[in-house]
Amino acid sequence: MMRRLKLKEGQRLTEDLLQRSGGIDSSIETTAAEIIATVKAQGDQALFDYTERFDGVRLNQLRVSDEEIAGAIRRADPALMSALTNCAERIKDFHQRQVQQSWYATPRKGVMVGQRVTPIERVGIYVPGGRADYPSTVLMNVIPAFVAGVPEVAVVVPLGPDGRIVDSTLLACHIAGVSEIYKVGGAQAVAALAYGTESVPAVDKITGPGNAYVAAAKKQVQGTVGIDMIAGPSEVLVLADETANPSYVAIDLMAQAEHDPLAACYLVTTDASLPDRVEAELSKLLQQSSRADVTRESLKSHGIVLVCEVMDDAVAASNFIAPEHLEVLTRDPHALLGDIINAGAIFLGPWTPESVGDYSAGPNHTLPTQGTARFSSPLSVDDFVKSSSVLSYSAEALMTEADDVIKVADIEGLWAHAESVRIRAANIASGKGCDC
């Protein structure tokens, strides 16, 4: 079912062997650009028209009313309410530990430097919807924003098949503390957040995952607003040795494969017998899956089994792939942690399935994909703040460093840079000090 590769000891994985798919189709880029231009030109009217065209619903208002939110709360399953509340508390606890503080220092006499950390003023969260329901995405994006101190958070969600936003998403918004919710999805929602319409005020940054059109739109509005990342299809890599339970490996591969036919699943192992045992488990588990077709297509088209002779090579292969999710199912998973340098989230041991990271553990599940874990990090509180450098010099301190500044400015040919210090230094030397 999954494509198999074998590496000899010391052999390194390459992109040619991996054959990783990626990038956004040019036709999708073109369509997204057209939608963005239309929303910029027509505002709310474009959002109404696209919602009717793509979702089959003609809206008379875009913002979710307080009554709609209250109705979702009244209809809520108490068990779901409890589960989402518990998850929200764990997510909040984790992200509160990430909060940066402003700091100031006096490293030299008469010099004060520092870093002032301030929250972004207004953030837009894209929550996938339509055929699926992702209340966890609400929690994972809204909670860090509020922990960071963002005063205004707006959520956009595509309509479900019945022309409404599903109750569980509205319930998650209520639990996370956001009430500004709009019934719009796709590239048009990204455009509305980036440029604003009559009903949707523009934001400063957009976060949250979506389909290829959403990714293309985020890519195109980047610079007008900030974005978190260009998310690709979901990924998991299971790093396993002979101690791994094949049923755990199989079901965890399926847990990613069921997301999307484009999801990428990797099994990297030093046990040559494990792939056959995992395949047998997959065959049994697929018969029970409610998403068997999607799962099977993902495993067949984007599933890879890589057999390595030694664990060092297996870890090197994992670092090369730089997966979104990395599960370590080995005899001593903690012993390998120091060697893992590229992964969005690392799950250690047989009792830590990736699904706990998706929902309840606390760390963010918005993670870098398509190998970008080589240089990117999970969504965090840091994504919702910005920092400003702060500097203050006394006259004496400026005189101490004046020659250094003038010398470097002269070398760079920037006359006014140097002169701005020469003028001040001359006034200080003449006794005029800082009053000149």
Side-chain angles (χ1 to χ4, degrees), residues 1-22 232-287 289 291-331 333 336 339-340 342-344 346-350 352-355 369-371 373:
M1 183 181 299
M2 299 172 68
R3 182 162 61 95
R4 297 196 186 189
L5 301 171
K6 186 173 183 178
L7 296 184
K8 296 179 181 179
E9 184 172 354
Q11 183 182 1
R12 289 293 181 256
L13 188 60
T14 64
E15 285 292 346
D16 288 342
L17 288 172
L18 197 58
Q19 298 177 13
R20 179 160 34 195
S21 61
S234 191
E235 306 165 339
V236 68
L237 187 152
V238 179
L239 180 63
D241 62 14
E242 71 284 354
T243 67
N245 184 321
S247 65
Y248 294 173
V249 175
I251 196 62
D252 290 353
L253 292 171
M254 289 177 62
Q256 287 305 302
E258 70 177 357
H259 273 295
D260 189 328
L262 298 176
C265 300
Y266 305 94
L267 169 58
V268 180
T269 182
T270 53
D271 179 7
S273 71
L274 183 61
D276 286 339
R277 291 184 286 139
V278 169
E279 291 275 7
E281 291 295 326
L282 286 172
S283 296
K284 290 189 293 185
L285 290 166
L286 278 165
Q287 295 177 28
S289 171
R291 296 176 63 84
D293 290 344
V294 171
T295 304
R296 187 177 289 106
E297 177 60 29
S298 170
L299 293 171
K300 180 180 178 181
S301 301
H302 303 284
I304 295 178
V305 174
L306 179 62
V307 179
C308 300
E309 294 183 1
V310 296
M311 186 55 70
D312 284 349
D313 291 345
V315 172
S318 175
N319 283 329
F320 179 83
I321 294 170
E324 178 187 16
H325 307 95
L326 170 60
E327 290 192 7
V328 185
L329 301 180
T330 60
R331 188 182 306 278
L336 295 177
D339 298 322
I340 297 167
N342 297 328
I346 304 166
F347 302 79
L348 299 174
T352 319
E354 183 272 327
S355 54
T369 62
Q370 294 284 312

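Computed from a prediction, not measured in an experiment: that's the story for all the values here.
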Nearest 0.5 angstrom please: [X] [atom1] to [Y] [atom2], how far?
X: I321; Y: E235; atom1: CD1; atom2: CD; result: 9.0 Å
X: R4; Y: D276; atom1: CZ; atom2: CG; result: 4.5 Å
X: L286; Y: E281; atom1: CG; atom2: CD; result: 11.0 Å
X: T330; Y: E242; atom1: OG1; atom2: CD; result: 9.0 Å
X: L253; Y: M1; atom1: CG; atom2: CE; result: 10.5 Å
X: L267; Y: L274; atom1: CG; atom2: CG; result: 5.5 Å

Short side-chain donor-acceptor distance under 3.5 Å, D16 and T14: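 There is no such pair between these side chains.
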E327 side chain to T352 side chain, donor-acceptor N/O pair below 3.5 angstrom: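 Note: E327 and T352 side chains miss the donor-acceptor criterion.
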Taking all non-hydrogen atoms of both residues, which atom of [X] and which atom of [Y] are closest, and how far apart?
X: A257; Y: A263; value: CA-CB, 4.1 Å
X: L285; Y: S247; value: CD1-O, 4.3 Å
X: N342; Y: P323; value: O-CD, 3.6 Å
X: A240; Y: A244; value: CB-CB, 3.6 Å
X: V294; Y: H259; value: CG1-C, 4.3 Å
X: E324; Y: P233; value: OE1-O, 4.3 Å

Polar side-chain atom of S283 near backbone of E279 as donor-acceptor pair, under 3.5 Å: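 Confirmed, S283 side chain pairs with E279 backbone.
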Any donor-acceptor pair under 3.5 Å from R291 side chain to E258 backbone: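 Present.
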Can you check whether [X] reaches [Y] side chain to side chain, under 4.5 Å on heavy atoms?
X: L237; Y: L326; answer: yes
X: V328; Y: I340; answer: yes
X: M2; Y: V278; answer: no
X: H325; Y: F347; answer: yes
X: R331; Y: M311; answer: no
X: P350; Y: N245; answer: no
X: D313; Y: Q11; answer: no
X: R20; Y: I304; answer: no

Verdict with reasoning, D271 to T269, per side chain to side chain donor-acceptor pair (under 3.5 Å): CA-CA 5 Å; D271 179 7; T269 182; 5.4 Å; no
Step-by-step side-chain contact (heavy atoms from CB on, under 4.5 Å) determination, Y266 to L18: CA-CA 10 Å; Y266 305 94; L18 197 58; 3.7 Å; yes
